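The structure appears below as structure tokens.
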Amino acid sequence: MIDTTPESPPGARQPPSTAREQQSLTLIPGLPNDVGSLILSMVPYSHHARIKQTCKSWNRVLSSKPFFSTFLHRRRNHLLCIFPQDPSIASPFLFDPQNHAWCPLPPMPCNPQVYGLCNFAAVPLGHHLYVLGGSLFGIGSFLAITISLPLLPWLFPSDHHSPSFATFRLSLRDFTWRPRAPMLSPRGSFACAVVPRSGQILVAGGGSRHTMFAAAGTRIRAAERYDARRDRWYPIEGLPGFRAGCVGFVSGGGREFWAMGGYGASRTISGVFPVDEYYRDAAVMELDGDGGWREIGDMWGDGERVRAGKIVVVENDDDDKSDYPGVYMLDGDEILRYDMSTNRWLCESRVPRKAPYNSSFGVVVVNGELYVLTHLCIVDMTETRRSRQHRRAGTLYIQIYNPKKKTWRSLVTKSPFSYPIDINTTVLSSICL
Amino acid sequence: MTQLDRLSVYHWLNAWCIKPVGGALVRQEPEYILLALMGSPLKKIMLCSSEKEIFSVEEQVMVQHSVIINNMIEDGSYNHEESKIPLDCVDSKTLKKVIDYCTHHTHHHNDNQEDLEAWDAQFLNVDSNGLYDLLMAANYLEIRNLLDLIYGTIKNMIKGKKIDEIRRIFNIKDHGFTPEEEEQNRKEYPHFY
């Protein structure tokens, strides 16, 4: 089947140059470059990292801007981005659920003075992924503490973790990280949303809580707006109350920015154990008007237990008539849906298979569906001489809920994480290329 | 065409019995036009390859698959009795295969999907040069389903394979990386190779 010389078929137009030059320009020997380029654009995005290294001409074409922009117009690749730990220590990964393909991303540039970044936000904008803020430990955090001191009282002065200002951007075209303008107020665990068709990111609230400590941490009210084109942060009116751990989304056809849930003040049980006071409501900001916040009434009735599960938002398709996105909460193994008209949470569904060993799920929205993730990593005790490093792979078990059809399906894939990861604190994001 | 359709077309034609023949509009008997519209199954056209070999093929078959040939026949530039369609970009071997594909798909379009796919897989079991020739021919003649089929096949040849295999399959002799770059790539991503 494999043939020898790449003879040009009758009618093919090849540039009249030396054999060596021809090889470096030609994509597929035997076919004209426009056909070769078309074929490369059909290969799903998740394979690009690999095939870029086939030869220099493929590398050049696949990384070029014009190719990428036509590629973005043609295909809709929905990818899942997984940040298991601090991205400057452990490589984040891209997962393509359609092709079951994993792609490692380069680790974020490392600041040697800080470590243990968590509770940051990973926000897709175009073909870039922005990593904003977070909470981290470090020598440099002392400076951050003194700057944020006027904002909030410390509950546990012995903690050395602090919120981060930093903003980094990863380009999925050439896999490079670039630092961007830092936020005006440092924050982790904040509400964050992209305003559609405008290249702006809104953030509100947040605090310094770190995953190492279940309680503790500051909370702030400040909110800001990021203009991606200008690479600048602008302050906007702050939240009515101090709110961290809240979830942000844009609704009402791009007119409202919601910061839902989260925790504000803290109280102690028996004077010792800190317990969060969860917010029972959401704060909404009108984006068109004077930019003021209003508080929606309590989402939970009197006597109803406040559920504080992970909230995710399903954006509307173009053919969806409603202006309002679908807002879902995963609490334990129950999925609740937020009904905007009644301001209540309604039971939607239940995850078919519970998480093993009472661990939690991770949840993220990809292509309009809810992906509920569990990661299992079985350490192989019987290592033979032939077992190589990549054999000890973990397994990612994904249960997928389609809100329109109200059906579940599942997907199992070998994950590249050969160490156990805490899916509860893993930062998940999805991007559409 | 159903009975009803034929009847209505017949009446319409009766009123407007004209047909373009050699650039002129000639009055024709409606029965003949009806026959022409339906595409008499025995009507054949001539295709001429780059090697000047003539292939006779049913008009209905080519018209259904190839947009170029369909356009040529529809706008009347093709005279059945005299002319043949010259295809200088396509050699005889490839043209024969293309005709094979179109004929099979026209006559067997009611078969189930698996049989068709099996036939397609067998059909594309050629060397890479033959595949490229087929691709260029399908591109020229604008045969959408054959094009999609070949693109899909080539895409699958790239998709699942390691880099060394891809280089071998596509006969990429010189990858253009310097030895240092190549070594660096192999060290960083050994599982790609």
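Letters go in sequence order (proteins before strands), and every chain restarts at 1. For clarity, every value in this text was computed on a predicted model and none was experimentally measured.
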(request) Begin with the C-alpha distance, continue with both residues' side-chain angles, and end with the deciding distance and a verdict on salt bridge (Lys or Arg N to Asp or Glu O under 4.0 Å) for B:Glu181 and A:Lys56. (result) CA-CA 10 Å; B:Glu181 282 173 342; A:Lys56 201 112 195 192; 3.2 Å; yes
(message) Walk me through whether B:Glu182 and B:Arg167 qualify under salt bridge (Lys or Arg N to Asp or Glu O under 4.0 Å).
(response) CA-CA 13 Å; B:Glu182 175 73 4; B:Arg167 285 179 183 164; 3.1 Å; yes
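With a threshold of 4.5 angstrom between heavy atoms, B:Tyr189 approaches chain A through side-chain atoms but not through N, CA, C or O. With a 4.5 Å cut-off on non-hydrogen atoms, B:Tyr193 touches chain A through its side chain but not through its backbone. Looking at B:Leu135, only its side chain comes within 4.5 Å of chain A, counting heavy atoms on both sides.
Ranked by heavy-atom pairs under 4.5 Å with chain A, the list B:Asp164, B:Ile158, B:Asn139, B:Ile166 is led by B:Ile158.
Ring geometry for B:Trp119 against B:Tyr101 counts as tilted: the plane angle lies between 30° and 60°, on a 0 to 90° scale.
The cationic atom of B:Lys96 (NZ for Lys, CZ for Arg) does not lie both less than 6.0 Å from the six-membered ring centre of B:Phe55 and within 45° of the ring axis.
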